[in-house]
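Nothing fancy with the numbering, it's 1 onward along the sequence.
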Amino acid sequence: MASEANPGVGKSIGILTSGGDAPGMNPAVRAVVRTALSLGATVYAMYEGYQGMIDGGPGIRELTWEDVSGILGQGGTVIGTFRSKDFREYSGRKRAAANLITRGIDRLIVIGGDGSLSGLDQFRSEWTQILAELVTEQTITAEQAAAHPALMFAGLVGSIDNDLVGTDMTIGADTALHRITSAIDDLSSTAASHQRSFVVEVMGRHCGYLALMSAIAGACDYVLIPELPPEPDWEEQMCAELRRNRKAGRRDSMVVVAEGARDRQGQPITSEYVRHVIEEHLGEGARTTILGHVQRGGAPSAYDRWASTWLGYEAVCEVLAAEPGSVGPVIGFRGNRICRVPLVEAVARTRQVPELIAAGDYDQAMALRGGSFTEAARIFTEMVHPSRIDADAGSKRVAIIHGGGLAPGMNAAAADAVRLGISRGHTMLGVQGGFPGLRDGAISELEWADVEGWVVGGADLGTRRTVPSVADLYQISRSLEDNSIDALLVIGGWNAYQAAYLMHSERERFPACGLPIVCVPASIDNNLPGSELSIGADTALNVITEAIDRIKTSGQASRRAFVVETMGRQCGYLALMSALSGGAERVYLHEEGISLDSLIADVAWLRNSFAAGRKLFLAVRNEDANPLYTTDFLARLLEQESHGLYDVRQNILGHVQQGGCPSPFDRLLAVRLVSRALDLLADVFAGETGESYYLGLVESKVTHRPMSHMMEEMDTEYRRPKEQWWLALRPVMKAVADAAV
Ligand code: ADP
């Protein structure tokens with residue numbers, strides 16, 4: 001019988017992937033299977049999407065824990081996907097229902113696009129009628145029909161296009177963005193060598209998400225998307241833009257075209273046409289690259305692993321808690337929170353977008369895409385203008401400074417700040433070498449062309465962990481005055497925040513330190529107040545996940561246990577999320593602590609597990625999880641107690657975690673945060689408000705708080721925020737990891 005601990009006992013769940021494949025489907029399938037099994041349910045895969053459900057036989061197979069081993073890092077879907085014509089017919093759906101009922105399955109989890117999900121709703125609405133007919137035809141018994149009076153389901157959206165209205169991200173979109181951004185980076189280097197133009201065509205028949213976001217992340221010159229058809233004379237405008245950017249110092253020109261881009265008459269704008277226009281107007285050779293199916297392929301990004309794992313877990317919880325009569329939702333994300341959206345409404349609103357575009361109602365189409373999309377379009381337009389907008393009375397001298405440990409994306413954020421600041425009429429200054437540099441007056445003006453190429457990792461301005469002392473504030477004040485600095489944009493980590501707070505709180509004694517300061521979170525540790533994610537954390541997570549993939553592969557030939565240590569100080573974000581993305585069995589966090597009892601249980605479990613045939617074990621330990629039970633200690637303990645069943649290796653990943661080229665997410669986060677920081681400064685300069693702020697991403701919106709509140713949110717003993725949203729993923733880890741504790 002089902003109980004609170006085992007709500008799945010006696011229940012059978014079907015899982016299928018349908019429509020276009022998307023990287024991240026496998027992590028979702030793995031999470032569904034493992035969560036269902038750990039809650040006592042039985043899981044069946046419907047191979048080749050709805051077709052397997054219709055065909056039955058080997059098309060429907062029970063899955064075990066091991067069946068989904070090793071698939072977390074694989075692109076595509078191991079249970080296959082298909083565009084089933086038969087499922088569009090009532091007769092096909094009837095055969096599918098018969099196959100489900102005879103196996104006792106009345107709970108379905110479908111991972112697919114809007115087509116697959118609407119098919120699911122159609123199936124649900126016909127269930128009672130179909131069952132009645134199957135009883136009349138004696139395909140199933142009346143008892144079988146009575147035992148399964150309704151089809152209960154949850155839908156997960158698998159689509160690289162990120163086109164479903166109602167959820168922030170669909171499974172596969174982040175990975176596709178990785179592929180595209182990396183291709184644009186690669187093309188930029190060859191284009192710059194020859195001072196050449198490239199037109200890059202990306203997927204997105206009705207949705208410009210991939211095109212717009214990759215154009216921002218890749219610092220491209222122009223973008224064409226379905227939701228925002230260009231003005232009638234766009235060819236002239238585009239070429240003027242390209243010319244202006246070249247004059248301002250760019251060595252290449254990059255135009256991104258969504259495959260569904262159209263003009264205002266509804267005529268397609270092809271990448272080939274754009275290339276032709278560039279060649280004609282600019283009188284130079286241009287190249288077209290159609291990225292095609294590489295955008296769909298390859299290993300899922302860290303986000304598509306942990307987010308899809310979370311979605312799979314929630315989908316199982318949803319279908320196990322469902323009662324006959326409840327209508328299943330689409331489960332997605334809003335902010336970093338799981339959201340449940342009514343399926344019919346989500347599909348209807350998604351399908352409305354192409355209709356609105358066709359009717360010329362672009363504002364409404366953009367509105368349905370959501371606030372972040374509209375904001376991104378506005379930012380892109382502003383980013384590509386190198387020339388200073390007529391400086392008005394609001395023109396100020398704004399200095400950019402880094403502090404704290406290096407975070408990938410610091411450079412990108414500084415470059416964005418310079419370009420957006422200049423376009424808003426400010427003089428932008430760079431402080432070299434963090435707060436010591438500010439004290440010593442290492443400050444110089446930055447022009448639009450100076451930051452060309454800063455999308456790579458690192459921090460050209462330099463960063464230091466030094467927090468100034470009160471005694472330093474005198475010299476800092478002099479330096480601020482000598483350079484006539486009107487505002488400080490601090491892009492950095494914990495120590496930078498402390499430095500900014502110190503200046504702000506000592507402003508009565510040192511009036512020059514009372515200038516407006518805005519802190520933008522940049523730290524791989526993701527331990528800053530006021531932001532659920534800081535610039536650099538996603539990149540570090542991807543670096544760790546790739547390292548774990550390699551470490552696991554290296555251990556395949558022998559029976560081996562790995563203990564991998566991640567950075568983060570006492571904040572376990574990187575450890576938990578990489579444990580989820582890398583498929584670890586165990587994670588050690590400072591937030592949870594490590595006890596001797598739990599280690600004894602781990603050792604016993606590990607020995608039994610290897611004795612029963614396990615080949616690989618992976619534990620991730622946050623670097624400061626416990627001062628005594630160090631990574632070295634854990635590795636030795638596991639080795640000592642292995643009784644020859646396995647050997648142990650430890651991997652302290654170290655500074656590679658700070659060294660990645662910023663991920664698309666970090667680049668986009670950087671530009672959003674910096675843009676808002678400049679908005680805030682504009683308000684302060686206009687006299688509307690006189691505070692200093694720290695800002696960040698909260699539930700997917702950029703929000704800011706007055707500096708005076710900073711300490712209230714910080715756990716200064718452990719150097720992390722008091723509230724950490726990602727701790728909600730601990731039960732997910734336990735469900736999918738099969739470890740002792
Ligand atoms: P996606 O799910 O990626 O949007 P499709 O629109 O091609 O892809 O749908 C995938 C499959 O879902 C279809 O081949 C079909 O089996 C099923 N499907 C789609 N729409 C319906 C529908 N209206 N009724 C029944 N099944 C449908």
Side-chain angles (χ1 to χ4, degrees), residues 391 393-405 410 413-414 417-418 421-422 424-446 459-522 528-530 674 677-678 680-695 704-711 714 716:
S395 170
K396 300 282 183 187
R397 289 169 65 81
V398 179
I400 303 163
I401 184 170
H402 297 312
M410 275 182 163
V418 168
I422 290 173
R424 294 178 194 196
H426 301 309
T427 299
M428 300 304 291
L429 305 156
V431 179
Q432 284 287 341
F435 284 87
L438 180 61
R439 182 195 58 208
D440 301 339
I443 299 161
S444 53
E445 200 171 315
L446 290 170
D460 278 41
L461 289 175
T463 181
R464 299 281 180 284
R465 291 189 192 271
T466 321
V467 179
S469 63
V470 174
D472 290 328
L473 294 183
Y474 173 72
Q475 264 182 292
I476 287 181
S477 300
R478 292 252 340 237
S479 179
L480 291 169
E481 283 166 357
D482 289 349
N483 289 281
S484 310
I485 294 174
D486 296 306
L488 210 53
L489 188 56
V490 179
I491 302 169
W494 187 272
N495 288 6
Y497 273 50
Q498 286 201 316
Y501 186 79
L502 176 76
M503 286 175 66
H504 181 71
S505 43
E506 292 290 339
R507 63 194 183 284
E508 288 197 358
R509 269 204 284 172
F510 301 94
C513 290
L515 84 172
I517 304 174
V518 178
C519 289
V520 173
L528 296 167
V674 158
L678 290 167
L680 274 175
L681 287 177
D683 291 345
V684 176
F685 296 146
E688 283 171 22
T689 161
E691 260 285 11
S692 287
Y693 298 95
Y694 58 109
L695 51 73
H704 60 273
R705 284 168 210 189
M707 188 84 80
S708 48
H709 289 265
M710 192 187 273
M711 288 301 148
M714 285 164 123
T716 44

May I have the list of side-chain donor-acceptor pairs in residues 507-514 shorter than 3.5 Å, sequence neighbours left out?
residue: Arg507; atom: NH1; partner: His504; partner atom: O; Å: 2.5
residue: Arg507; atom: NH1; partner: His504; partner atom: NE2; Å: 3.4
residue: Arg509; atom: NE; partner: Glu506; partner atom: OE1; Å: 3.0
residue: Arg509; atom: NH2; partner: Glu506; partner atom: OE1; Å: 2.9
residue: Arg509; atom: NH2; partner: Glu506; partner atom: OE2; Å: 3.4

Hey, can you pull the donor-acceptor pairs under 3.5 Å for the side chains in residues 467-476, sequence neighbours left out?
residue: Ser469; atom: OG; partner: Ala471; partner atom: N; Å: 3.4
residue: Ser469; atom: OG; partner: Asp472; partner atom: N; Å: 3.3
residue: Ser469; atom: OG; partner: Asp472; partner atom: OD2; Å: 3.3
residue: Asp472; atom: OD2; partner: Ser469; partner atom: N; Å: 2.9

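With sequence neighbours excluded, the residues forming a side chain to side chain contact (heavy atoms under 4.5 Å, CB included) with Ala496 are Phe435, Val490, listed by chain and number. In this structure, the side chain to side chain contact (heavy atoms under 4.5 Å, CB included) partners of Pro516, at least two apart in sequence or on a different chain, are Ala487, Leu681, Val684, Phe685. Ser484 pairs by the side chain to side chain contact (heavy atoms under 4.5 Å, CB included) definition with Arg397, not counting sequence neighbours.
Shortest non-hydrogen contact noted between Ala677 and Val520 is CB-CG2, 4.1 Å. Considering every non-hydrogen atom in both Val431 and Ala399, the closest pair reads CG2-CB, 4.1 Å. Heavy atoms only, all atoms of each residue included: Pro529 and Met714 are closest at CG-CG, 3.6 Å. The minimum heavy-atom distance between Ser479 and Leu438, with the atom names listed, is OG-O, 2.7 Å. Here the shortest heavy-atom pairing between Met710 and Cys519 reads CE-SG, 4.1 Å. A pairwise comparison of heavy atoms in Tyr501 and Met707 identifies CE1-O, 3.5 Å as the closest pair.
Going from atom CE of Met410 over to atom CG of Asp460 covers 12.5 Å, rounded to the nearest 0.5 Å. From Ile400, atom CD1 reaches atom CE of Met428 across 4.0 Å, with rounding to the nearest 0.5 Å. For the atom pair Leu461 CG and Ser444 OG, the distance stands at 8.0 Å (nearest 0.5 Å). Between Leu678 atom CG and Asp683 atom CG the span is 11.0 Å, to the nearest 0.5 Å. Atom CG in Leu429 sits 10.0 Å away from atom CG in Leu488 (nearest 0.5 Å). Atom NE2 of His704 sits about 11.0 Å away from atom OH of Tyr694, to the nearest 0.5 Å.
His402 places no side-chain N or O within donor-acceptor distance of the main-chain N or O of Gly492, the cut-off being under 3.5 Å. A donor-acceptor pair under 3.5 Å links the side-chain atoms of His426 to the main chain of Lys396, judged by distance alone.
Listed by first and then second residue, the side-chain hydrogen bond (donor to acceptor under 3.5 Å, both in side chains) pairs involving residues 487-498 are Asn495-Arg719 (not counting sequence neighbours).
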(request) Before giving the answer on side chain to side chain contact (heavy atoms under 4.5 Å, CB included), spell out for Val398 and Arg424 the whole-Å C-alpha distance, their side-chain angles and the decisive distance to 0.1 Å. (result) CA-CA 11 Å; Val398 179; Arg424 294 178 194 196; over 6 Å; no
